[in-house]
Each structure stands twice: as structure tokens, then as C-alpha cells.
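Inspection log for the structure reproduced underneath, given as C-alpha cells.
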Protein chains: 2
Amino acid sequence: MESVLSEAVALLDEAGAPALTFRALAQRLGGGVASIYWYVASKDELLDQATDHVMGAVLADVEGLARTDDPIDDLREMAVTLFDAIVARPWLAAYFMRNTTAQSNSLRLYERLGEQTLRLDLDARQRFHAVSAIVGVVVGSAIDLGQEPPQEVLDGAVDRDEFLGRYARAWRELDPEDFPFVHEIVDEFDGHDDVDQFRSALELTLTGLRLQAGPPPSSR
Amino acid sequence: MESVLSEAVALLDEAGAPALTFRALAQRLGGGVASIYWYVASKDELLDQATDHVMGAVLADVEGLARTDDPIDDLREMAVTLFDAIVARPWLAAYFMRNTTAQSNSLRLYERLGEQTLRLDLDARQRFHAVSAIVGVVVGSAIDLGQEPPQEVLDGAVDRDEFLGRYARAWRELDPEDFPFVHEIVDEFDGHDDVDQFRSALELTLTGLRLQAGPPPSSR
DNA sequence: ACCTGAACACCGTTCAAGT
DNA sequence: ACCTGAACACCGTTCAAGT
């Protein structure tokens, strides 16, 4: 079982979600296709289990973070840790958090994020929405990464900067009268860092949250 | 061509992304499978074009909104309009914005959102990040909806509330010592409204953005 | 308890051939 | 310019059968 999951993860890491097929997996395991069905009932379950398998390490990273006396700071560190894991494994974006009963590590991670909101002066609904918002920012920022990069990028024939550059070039050719905003930001877009982009989005949400929660308990 | 796209959209609306196959589409069009390849080069392109097709109406809705003198209020209305469209067509979540050169309506929508940030006192990078954040909130909140609802829900055998209720029941059985947060919010989760959840997440981001932009020009 | 080969019903895509 | 039938190489899944 352990080897089924780690080989499945290896396939996902090497070439993304489309590379994980029962036939490819069976070949790596040196067995027949049908054997895998002894361990999982379906491909969906295989994906859930593979995801939960790697989320175990992410959860450990999150739980290993030092706690501060500011829950918002802790939320930030946790969210960044989660995002970094998705940057390293873009296929994660589409699968983690999609089935929290089947993925116990994702549920625990959700719990750990939520516990920080228990330290804030919010009601239950605000807490629920706050954690949803933070997970949403992570997922929303990560989903771009999860998009299958065009085959050329996977092949290494074209790198990410070149890929962004092509878009940027197309955008620069748009009529500036019709697309003033696109022209305003095209230089920022060209070669931008996904982590920067994520951290900015996260910061807006955390700022909103801090305002909603009011002054910290220590100052009351 | 027009009928190819509208039948493709009809299939997506009726039963989600897995229902859109070349064979199913050909059957509805009363022709052979290979004919479709005269109009699109691949399934990916079919999906892009179908998405752009419906995004045309969304763009029109967004452009039809009344403008106020507060760009943040306008951003809110635009984002909600976009989100509503995704609630009505959950499959949109996965495809819109994934290829802005192939999807000209998505690019225009991106531009319209961005133009509101031109009215805020921000630099180019902040504007780029602000629009990314807002789109991220929309996508991050919508992606749950895009997950294939279990077949029972599509069949109408089980409705959404019943579906959420099952999760809630499982959550209530977790040890409250281990999962204090999950217990805190389980009643909020049970039967929650996705639009509420989205609006809360959006509000946190917009609050952060308002703070970042400083006082409105009129008060300077 | 664990694994297998072979089949089934589906995919997206291609291509030579038709009008 | 537009469409077709038939094939190809792939899928996930099942099942009777083996150890």
C-alpha cells in the first residue's frame, strides 16, 4: 500500500495529473493493472489517498512552526507553508481539501488554521468564513500553478519566464486605449513571482481579518 | 460553429465537464465525431471556446453595471456578478481565466476589473496584485462548486443540504478535544450558503485593499 | 490475502475518402 | 469548404481465475 501511494506521488511529481494512470502505475510497481484495485476502489480514491499521503508532511511542517503571540502572524506562516508545498507540487492544488472526510490530514490542517481564529475576537460564523477565505486565497492563487503547463515547459524546452513573456508580448500589442489596465501592469506581469503574488493576496485578507477582529486581547 | 459551442455549453450545463465528449456532442449535432475537428483543433480548444462563449454574457453583465464614485464598491459588484455566473455554471470555475489569449472575453473582464484599480491610489504592482487577489478569491471560493458533485446530487436523489449534513454529522463525531475549531463551526458549515461565504472572503480582501489605497482622492 | 490476463466500454485524435 | 466511417492508441473498471 505504502509503495502504491509513493509511486503514485512520484508519477504526479514527475509529469502531473495526466501521468497518473493505472497502467503506468502498475508498470512501475512491476505488476498488473488490476492489482491496484485491491488497494483502492477507484481512481478518485487513489488521488485522494495520494494527496493525503503528501499532506501528512505538509501538516507536520505546519504543526512544527513556532507559535507567536499574534494569531494573524501564525495564520500567515501556516498559509505560506501550505502554499510553498503546492508550489513544489502543483498538482496538489486541485485535490487537497476536496474531500475532507477521506483526507484526514487536510481536515487536521483545516483544524490547525481554524484554531488560530479561536484566539481572535470573532463569532463562529466569522471564524468559519475567515478560514474559508484563507484557504480560498491559497487555492485561488495556486490554481494557476496547477494548470498543466504547456508541454514545452514540462519538456524544459521553454521556461516559465519565456512562457510569461509570450503573454506579455501579446498584451503589449493590444490597443492601449482599449486596455489601459493591461498596459499598466504588463511589466509587472512579465516575469512575476507567484509567491509574491500570493503573499500580497494573503496580506489583503489578513489585513481585513485583523480589522474585523478588533484590538488584540492583550490591549483590552 | 455557433451551434457547436451552444450544444457544448448545453452539455456542460446539464451534466458538468465529464459529459462533454466529442461523441456526445456529435450525436447532439446529428453528425460524425470527426466533424467537430473542423471547428476546433482539440478538446482543450473546445473547452476554451465554450468558456469564452458564455463569458461573453458575463462580460456584458459586468459592463452593464452602474458605476458609482467608489471603485471598491464597483469591484465588489463586478466580482459578485462573476461569482453568480459561476454558481449558475459551476464548470466555469475550472476554465475561465486559464488562457487569456484564447479567451478574449476573460481578458476583457480582467481589464474591466483592473480599470477600477486605476481609480485607486496604488502603484502598478499593487494594482496587478489587487486584481489577482480578487480573481483569486472568486476562483478559490468557486472551486468547491466546480468539484463534481457526487452522482447522487446530480441525480437529485440527495440535495446539497443533505450532502453538507453528512459531512457535518461526521465532523460532530470527532473528538472535541482534538478538533475544537471544527466543533466551533460545524453548525455554521451545516447548510451554509456559498454566496455568503464568498461575500465574506471578498469583503476581507476589499477591506485590505481600501486600507492599502488610503483615503479616496475626493478627501485629499 | 493478494495478484493476474484478458476483456469491456469508453475516450481523444487521425486520416483517407467523400460531397 | 465541410463532413464521414473506420481505425488507432489510449483510458478506468470488471471478472473469472490463479496462488
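In what follows, chains carry the letters A, B, and so on, assigned in the order in which the sequence lines appear, proteins first and then strands, with residues in each chain numbered from 1.
- A donor-acceptor pair is defined here as one N or O able to donate and one able to accept, closer than 3.5 Å; such a pair exists between the side chain of A:E45 and the backbone of A:A41.
- Of the charged side-chain nitrogens involved, none lies within less than 4.0 Å of a carboxylate oxygen, so that B:R127 and A:E188 do not count as a salt-bridged pair.
- Contacts of residues 43-53 of chain A with DNA chain C (heavy atom under 4.0 Å): none.
- Secondary-structure stems of DNA chain C, taken as three or more successive Watson-Crick or G-U wobble pairs (i with j, i+1 with j-1) under a 3.5 Å distance threshold, comprise C:4-8 with D:12-16, C:12-16 with D:4-8.
- Between the side chain of B:D52 and the main chain of B:N105, a donor-acceptor pair closer than 3.5 Å is present.
- Using a 4.5 Å cut-off on side-chain heavy atoms (C-beta onward), B:E63 and B:L109 make no contact.
- The shortest distance between side-chain heavy atoms of A:I86 and A:F96 falls below 4.5 Å.
- Note on B:D74 versus B:R112: no salt bridge recorded, every NZ/NE/NH1/NH2 to OD/OE distance being 4.0 Å or above.
- Along DNA chain C, the nucleotide closest to A:G31 and the one closest to A:R23 are compared, and the more 5′ of them pairs with A:G31.
- Annotation for B:R199: atom CZ does not count as buried by contact number, only 12 or fewer foreign heavy atoms lying within 6.0 Å.
- Taking the P atom of each, D:dA17 and C:dC2 are spaced 22 Å apart, rounded to whole Å.
- In 5' to 3' order, the nucleotides of DNA chain C bounding all contacts with chain A (an atom under 4.0 Å from a heavy atom) are C:dA1 to C:dA7.
- The backbone N or O of A:G191 sits nowhere less than 3.5 Å from a side-chain atom of A:D161 that would complete a donor-acceptor pair.
- Among the heavy atoms of the strands lying under 4.0 Å from B:T21 are primed sugar atoms or P, OP1, OP2 only; no base atom is included.
- Heavy atoms of A:L20 sit under 4.0 angstrom from primed sugar atoms or phosphate atoms, though from no base atom.
- Under 4.0 Å is where a charged nitrogen must lie from a carboxylate oxygen, and between B:R166 and B:E162 at least one such pair does.
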Test B:F189 against B:W171 for ring-ring contact (aromatic ring centres under 6.0 Å, His included), laying out the working first.
CA-CA 10 Å; B:F189 173 81; B:W171 285 8; 4.6 Å; yes
